[in-house]
**Student:** 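First the structure, then my questions, so here it is.
In what follows, chains carry the letters A, B, and so on, assigned in the order in which the sequence lines appear, proteins first and then strands, with residues in each chain numbered from 1.
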Amino acid sequence: MRARAFLPLLIFTALVVVFALLMMRRMTGDFDPLALQSALVGQPVPEFQLQSLDSAALSRAQLPNGPYLLNVWATWCISCKAEHGFLNQLREAGIKIVGLNYKDERVAALQWLERLGDPYILNIADPDGSLGLDLGVSGAPETFIVDASGVIRHRVEGPLNERRWRKEVQPIGLAW
Amino acid sequence: MVRRATLMRLCDRIRGYIALPGLLLLVVVSGFCTTGLAQSAEQAIDLESNAERAKSSFPSAAKPLLEFSEPKLEDRYRILIDELRCPKCQNQNLADSDAPIAKDLRRELHRLLEDGQDNRQILDFMTLRYGEFVRYRPSLTVYTVSLWLIPAVVLLAGVAVLFAKTRGHKRSLLQSQTGDEQTSHATISDRDAQDATQAEIERRVQRLLAQADDND
């Protein structure tokens, strides 16, 4: 009978612990209730007719053989700057990254790459965000993980970093 | 025992009170659920039915910045920007949002409308890229149907549990009453046994005393 009297307190304590853990996971970025999985997962990269940052004509056929990362970036995007160092590291580790310069200006983008290093094997210029729209991009940075058959397997919303690489990208099990 | 019995009598009375309102509530809730389902199924297909609502939610001063070749397209544009959610915002439609992506999607919507696409095609275009999240009234799937049905099922289960419990109480009430009688019988017979042994002891004592007297 006495133990039963403590039941509400026990339930309350358990709830406090659960919510505190969720909150901590939210702060570390492991749990994001606002994140949406892309509708493009399981779909091939959409067809497009654009130019590269070096003004060469580009279409889907010119994209490299996967697996590769399709990284949406822009010079107006502050978290892209935070992400850039890690992209450089990935490039050094031999990982192919295609850039999608999203709603940006060519000159500013080229200056950025000169100053911060260029981790991309190829950069698609998308000044109007048309390919971005076909990809369901809602902001920058976003990174699509594309497999060997050109199919999107995952999208990382927000800046990519080592922890997210380990937690979200590596478990997909692509042969990088 | 007395307290338990009163409690159960109370339960019984409550059961009597909730039976009718509970049933009524059930009917109302299930009615609500089915109309909700029917409505969302209907609206998913026919957006035009919402034209009046969309029109009234726009003050005449708020003219869209985009020019349309036909006023009819503009009407549909207004309905659709009310229907579609900004993918970057938690709870704003394209009409309300200032986010760059909402602006882009409004422009795209304008293009699709001028292209002569119908509402179904436009919604498909949007959900193909941004998922069901962009629609304020997502299409009927297993997930959306369960959203409507789960509350009704939980309510039904709750009512069922309550009925089963009160019925169980009634039975246990009856059982405990007969049980009480049995225990009282047992007490009486125990007491009889005690009385019997007491008499036996007394008899023995008397016998021993008599023997002692004889020995003297």
**Student:** Could you check which of A:Leu133, A:Leu135, A:Val137, A:Leu36 has the highest count of heavy-atom pairs closer than 4.5 Å to chain B?
**Tutor:** A:Leu133
**Student:** Does B:Asp98, at its CG atom, have more than 12 non-hydrogen atoms belonging to other residues, nucleotides or ligands within less than 6.0 Å?
**Tutor:** no
**Student:** NZ of B:Lys88: more than 12 outside heavy atoms within 6.0 angstrom?
**Tutor:** yes
**Student:** Side chains of B:Leu128 and A:Gln43: closer than 4.5 Å at any heavy-atom pair?
**Tutor:** no
**Student:** With a cut-off of 6.0 Å (strictly less than), are more than 12 heavy atoms of other residues, nucleotides or ligands near CD of A:Glu162?
**Tutor:** no
**Student:** Which atoms of B:Phe133 are under 4.5 Å from chain A, going by heavy atoms: the side chain, the backbone, both sets, or neither?
**Tutor:** side chain
**Student:** Tell me, side chain or backbone of B:Glu132 under 4.5 Å from chain A's heavy atoms, or both, or neither?
**Tutor:** neither
**Student:** To the closest 0.5 Å, what do you measure between CZ (B:Arg129) and CG (A:Asp134)?
**Tutor:** 4.5 Å
**Student:** Report, as yes or no, whether the 6.0 Å neighbourhood of atom CD on B:Gln121 holds more than 12 heavy atoms from other residues, nucleotides or ligands.
**Tutor:** yes
**Student:** With a cut-off of 6.0 Å (strictly less than), are more than 12 heavy atoms of other residues, nucleotides or ligands near CD1 of A:Ile78?
**Tutor:** no
**Student:** Taking every heavy-atom pair that is under 4.5 Å apart, which of A:Ser130, A:Gly129, A:Ala39 has the most such pairs with chain B?
**Tutor:** A:Ala39
